[in-house]
Undergrad: 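Pasting a structure here, questions to come.
Count residues from 1 along the sequence. Because the structure is predicted, anything quoted here is derived from the model rather than measured. Both counts, for ligands and for their atoms, begin at 1 and track the order of listing.
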Amino acid sequence: MPVIMAQLIDGVTIAAQIRAEVKDQVAEMKRTLGITPGLATVLVGEDPASATYVRSKHKACEEAGIASFGHVLPKDATQEQVAAVLTELAANPNVHGILMQLPLPKHLNEDPLLALIPQHKDVDGFHPSNLGLLGVKGKPPPFAACTPAGCIELLERTGVSIAGKRAVVLGRSTIVGLPVSLMLLTRDATVTMCHSRTVNLASVVREADIIIAAIGKPLFVTADMVKPGAVVIDVGINRIADPSRKSGSRLVGDVDFDAVAPIASAITPVPGGVGPMTIAMLLKNTLKAAKQSQK
Ligand code: NDP
């Protein structure tokens, strides 16, 4: 019997399309309205991974013609100092979107700081009101969190219909699992969320037409958990040892891609699936923020 390989959902190509669309619309906005969309980032401390993420966001802005304003605070910055920067950015008319890079150093209290980002500048979609509105049908929030929005965009641009489907989301974090579940729900999927306390998880996942895996456990979703023909979106990014590589390691998702791809109808790879979508959706949200600021 021939092995049926799933359609590869190519996040690199889809993200590049979105970035090109944003770039065109930014140019149009500058030409017609004389407005340049602006994104401000706030980085506290010197965590190398966070600094790299912020740098790549600035580079992506530059490529799209979006202005970016970087604010770096020392790792021992006080709650009041970070709050003062956010308050100033909230009032700055040239800043349409504000992104505070998470996680913050442990001594800072994240929630009150996130709440200082006005809902209409919350391009990361982490404001409690934006998160809550994701679950209210017919009242979409101004911004959805970028990684969950990227998952939905991958499904939609691949032509996967969501309404009426059984969707199972692995993980319930406020950054990925919860918002993507709400977004699937308001698109009329029947949604089940799994987490570390779920009993008989494999049998729940086996019922899914659409699986979103976001738990941070390498190769967790195996072939026996997947219904033939299911669509699989793998959000996980995990580094595992691989002596065959020069670096001694490689990135894998939460899904055992090699085993699941022959069973699924469509699947995202890691890397090159959801990952590139996050920055693309951030650019899209920043453009949207600039457009909304004109209303
Ligand atoms: P969190 O650690 O915040 O949440 C993990 C979730 O998975 C929790 O809800 C937890 O359950 C659940 N979980 C953990 N172990 C199991 C298990 N054995 N069985 C079932 N559920 C389990 O992770 P994030 O949501 O922040 O990230 C998830 C993954 O997505 C990570 O690999 C991360 O690197 C990746 N990621 C990728 C992004 C991208 O751009 N592609 C962006 C953001 C994240 P419980 O709530 O019960 O503890």
Undergrad: Could you check which of Ser196, Gly150, Gly253, Pro179 puts a non-hydrogen atom nearest to atom 48 (O) of ligand 1?
TA: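 Residue with the shortest heavy-atom distance to the ligand atom: Ser196.
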Undergrad: Take Thr190 and Arg166 through the side chain to side chain donor-acceptor pair (under 3.5 Å) test and state the conclusion after the steps.
TA: CA-CA 5 Å; Thr190 301; Arg166 290 293 305 263; 5.4 Å; no
Undergrad: Tell me which protein heavy atom sits closest to atom 15 (N) of ligand 1, plus the residue, atom name and distance to 0.1 Å.
TA: Lys217 CE, 3.4 Å
Undergrad: Quick test: of every protein heavy atom, which one is nearest to atom 42 (C) of ligand 1, and how far off is it to 0.1 Å?
TA: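 Nearest neighbour among protein heavy atoms for atom 42 (C) of ligand 1, to 0.1 Å: Thr147 OG1, 3.4 Å.
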Undergrad: Looking only at protein heavy atoms, which one is nearest to atom 43 (C) of ligand 1, and what is the separation?
TA: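 Residue, atom and distance for the closest contact: Val176 CG2, 3.7 Å.
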Undergrad: Got more than 12 heavy atoms from elsewhere within 6.0 Å of OH, Tyr53?
TA: no
Undergrad: Between Leu89 and Val42, does the side-chain contact (heavy atoms from CB on, under 4.5 Å) criterion hold? Intermediate values first, please.
TA: CA-CA 10 Å; Leu89 293 172; Val42 178; 3.6 Å; yes
Undergrad: Among protein heavy atoms, which sits nearest to atom 2 (O) of ligand 1, and what does the distance come to when rounded to 0.1 Å?
TA: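 Sorting protein heavy atoms by distance from atom 2 (O) of ligand 1 puts Ile215 O, 4.8 Å first.
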Undergrad: Under 4.0 Å from a heavy atom of Gly171: which atoms of ligand 1 are those, numbered in the order shown and with their elements?
TA: 6 (C), 7 (O), 9 (O)
Undergrad: So, does Asn130 use its side chain to make a donor-acceptor pair with the main chain of Pro141 at under 3.5 Å?
TA: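 Pair absent, no side-chain N/O of Asn130 close to backbone of Pro141.
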Undergrad: Below the 3.5 angstrom mark, is there an N/O of Thr278, backbone or side chain, next to an N/O of ligand 1?
TA: yes
Undergrad: How close does the nearest protein non-hydrogen atom get to atom 19 (N) of ligand 1, and which residue and atom is it?
TA: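 Of every protein heavy atom, Phe220 CZ, 3.7 Å lies nearest to atom 19 (N) of ligand 1.
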Undergrad: Return the residue, atom name and 0.1 Å-rounded distance of the protein heavy atom closest to atom 31 (C) of ligand 1.
TA: Gly216 CA, 3.6 Å
Undergrad: Are any of the protein's heavy atoms under 4.0 angstrom from atom 27 (O) of ligand 1, yes or no?
TA: no
Undergrad: Please walk me through it: do Ile211 and Val226 pass side-chain contact (heavy atoms from CB on, under 4.5 Å)?
TA: CA-CA 8 Å; Ile211 299 169; Val226 178; 4.0 Å; yes
Undergrad: Taking the side chain as every heavy atom from C-beta outward, state whether Leu86 and Ile98 have any atom pair closer than 4.5 Å.
TA: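 Of all side-chain heavy-atom pairs linking Ile98 with Leu86, at least one is under 4.5 Å.
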Undergrad: For ligand 1, is any non-hydrogen atom under 4.0 Å from Ile237's backbone (N, CA, C, O), its side chain (CB onward), both, or neither?
TA: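 Contact part for Ile237 vs ligand 1: both backbone and side chain.
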Undergrad: Starting from atom 21 (N) of ligand 1, what is the nearest protein heavy atom, named by residue and atom, and what distance separates them?
TA: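 The closest heavy atom on the protein side is His195 C, 3.1 Å.
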Undergrad: Return the option from Asp234, Ile279, Val235 holding the heavy atom at the smallest distance from atom 30 (O) of ligand 1.
TA: Val235
Undergrad: If you measure from atom 23 (O) of ligand 1 to every heavy atom of Ser173, Gly275, Gly177, Cys194, which option wins on shortest distance?
TA: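 Closest candidate by heavy-atom distance is Ser173.
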Undergrad: So among Gln101, His58, Arg55, His71, which one has a side chain to side chain donor-acceptor pair (under 3.5 Å) with Thr41?
TA: His58
Undergrad: Charged N to carboxylate O below 4.0 Å: is that the case for Lys227 and Glu207?
TA: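 Between Glu207 and Lys227 there is no salt bridge, as every charged N stays at least 4.0 Å from the carboxylate O atoms.
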Undergrad: Can you tell if the side chain of Asp124 reaches within under 4.5 Å of the side chain of Cys146, non-hydrogen atoms only?
TA: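 Yes, close enough: below the 4.5 Å cut-off.
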Undergrad: Record the part of Leu170 in heavy-atom contact with ligand 1 below 4.0 Å; permitted values are side chain, backbone, both and neither.
TA: neither
Undergrad: Verify the neighbour count for atom CD of Glu110: are there more than 12 heavy atoms of other residues, nucleotides or ligands below 6.0 Å?
TA: yes
Undergrad: Any idea which atoms of ligand 1 are less than 4.0 Å away from a heavy-atom of Ala214?
TA: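 Those atoms are 6 (C), 7 (O), 28 (C).
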Undergrad: Can we say Asp209 and Lys165 salt-bridge, meaning some charged N sits less than 4.0 Å from an Asp/Glu carboxylate O?
TA: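 Not counted as a salt bridge, because no side-chain N and carboxylate O are separated by less than 4.0 Å.
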Undergrad: Suppose we measure from atom 9 (O) of ligand 1 to each protein heavy atom; which comes out shortest, and what is that distance?
TA: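 I find the closest protein heavy atom is Arg172 N, 2.9 Å.
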Undergrad: Charged N to carboxylate O under 4.0 angstrom, Glu21 versus Lys284?
TA: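 No salt bridge links Glu21 with Lys284.
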Undergrad: Can you tell me if Thr198 contacts ligand 1 (heavy atom of the residue under 4.0 Å from the ligand)?
TA: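 No.
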Undergrad: Show the atoms of ligand 1 that are less than 4.0 angstrom away from any heavy atom in Asn238.
TA: 32 (O)
Undergrad: Any idea which atoms of ligand 1 are less than 4.0 Å away from a heavy-atom of Val274?
TA: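 Once the distances to Val274 are compared, the set is 41 (N).
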